[in-house]
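Single-structure report; data block below.
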Amino acid sequence: MIPIEKLLLQRGVKITDIAEIAFLLQIKYNPVLTMEECIVSVRTVLSKREVQYALYTGIALDNLAERKLLPEPLQSIMESDEPLYGVDETLALGITNVYGMIGLTSFGYLDKVKPAILQQLNNKANGIHVFLDDLVAGLAAAASARIAHGDANANQYDLPDC
């Protein structure tokens, strides 16, 4: 089995690309956050087997579509990145949910805005990345949520003991 970081790199995505997005999501809320912390967070998310399986599946489908090996109508759907397809987002949501609801809301934002590497992956001239752009957004959202959950300043409210 190819290590997941190597597989991402083969598709043009570095861990630092994903960490940059997590950083963008969290720096407003954690002004002392470092890129190194974001890299650690991305690698921690990537260490989860369910995350790796989602990536292996989505990347394989993108690869097969590029080689025109998918049956119709799936091949045409992938080539046109059909907006109503939604399976790519569904697979990515499995990653975002690893660290709770904040991952889901961050994913929605990233899917709409497509900052940094996400914009490049969404450019159809660079190959078929129907799944990869959403999976990378899911990774960044989960890494960001992981940071938010660990931020000592995130819970500013004193809640009563139950």
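Both backbone and side-chain heavy atoms feed into the values below; hydrogens, waters and symmetry mates do not. On a predicted model such as this, the values are computed, not experimentally measured, just so you know.
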Exercise. If two hydrophobic side chains count as joined below 4.5 Å and joins carry through other members, does Val40 share a cluster with Val13?
Worked result: no
Exercise. Within the distance-only criterion (no hydrogens, no angle test), does the side chain of Ser47 pair as donor or acceptor with the backbone N or O of Thr44 below 3.5 angstrom?
Worked result: yes
Exercise. Can you get from Leu104 to Tyr29 by hopping between Ile, Leu, Val, Met, Phe, Trp and Tyr side chains that sit under 4.5 Å apart?
Worked result: no
For this session: Check whether any side-chain heavy atom of Leu110 lies under 4.5 Å from a side-chain heavy atom of Leu25, and answer yes or no.
Result: yes
For this session: Please name the residue in the list Asp111, Val136, Asn123 that meets the side-chain contact (heavy atoms from CB on, under 4.5 Å) test with Leu118.
Result: Val136
For this session: Please list all pairs passing the salt bridge (charged side-chain N to carboxylate O under 4.0 Å, His left out) test where one or both residues lie in residues 127-143, with sequence neighbours left out.
Result: Lys114-Asp133
For this session: Would you mind telling me which of Ile21, Leu132, Ile18, Thr16 makes a side-chain contact (heavy atoms from CB on, under 4.5 Å) with Ile117?
Result: Ile21
Which pairs would a plain distance check flag for residues 92-103, meaning a side-chain donor or acceptor within less than 3.5 Å of a matching protein atom at least two apart in sequence or in another chain?
from  : atom 1 : to    : atom 2 : distance (Å)
Thr96 : OG1    : Leu93 : O      : 2.9
Asn97 : ND2    : Leu93 : O      : 3.1

Seminar exercise, completed: Quick note, salt bridge (charged side-chain N to carboxylate O under 4.0 Å, His left out) partners involving residues 34-60, not counting sequence neighbours, are Glu5-Arg43
Exercise. Leu69 and Val87: same hydrophobic cluster, using ILVMFWY side-chain contacts below 4.5 Å?
Worked result: yes
Exercise. Does Glu79 reach the side chain of Lys68, with side-chain heavy atoms less than 4.5 Å apart?
Worked result: yes
Exercise. Would you say Phe107 and Ile147 are hydrophobically clustered, going by side-chain heavy atoms of ILVMFWY under 4.5 Å?
Worked result: no
For this session: Report yes or no: does Ser106 contribute a side-chain atom to a donor-acceptor pair with the main-chain N or O of Ala141 at less than 3.5 Å?
Result: no
Exercise. Should Leu24 and Leu33 be regarded as members of a common hydrophobic cluster, given that ILVMFWY residues are connected when their side-chain heavy atoms come within less than 4.5 Å of each other, either directly or indirectly?
Worked result: no
Exercise. For atom OH of Tyr109, is the number of surrounding heavy atoms from other residues, nucleotides or ligands below 6.0 Å larger than 12?
Worked result: no
Exercise. Only one of Leu46, Leu9, Val51 clears side-chain contact (heavy atoms from CB on, under 4.5 Å) with Ile4; which?
Worked result: Leu46
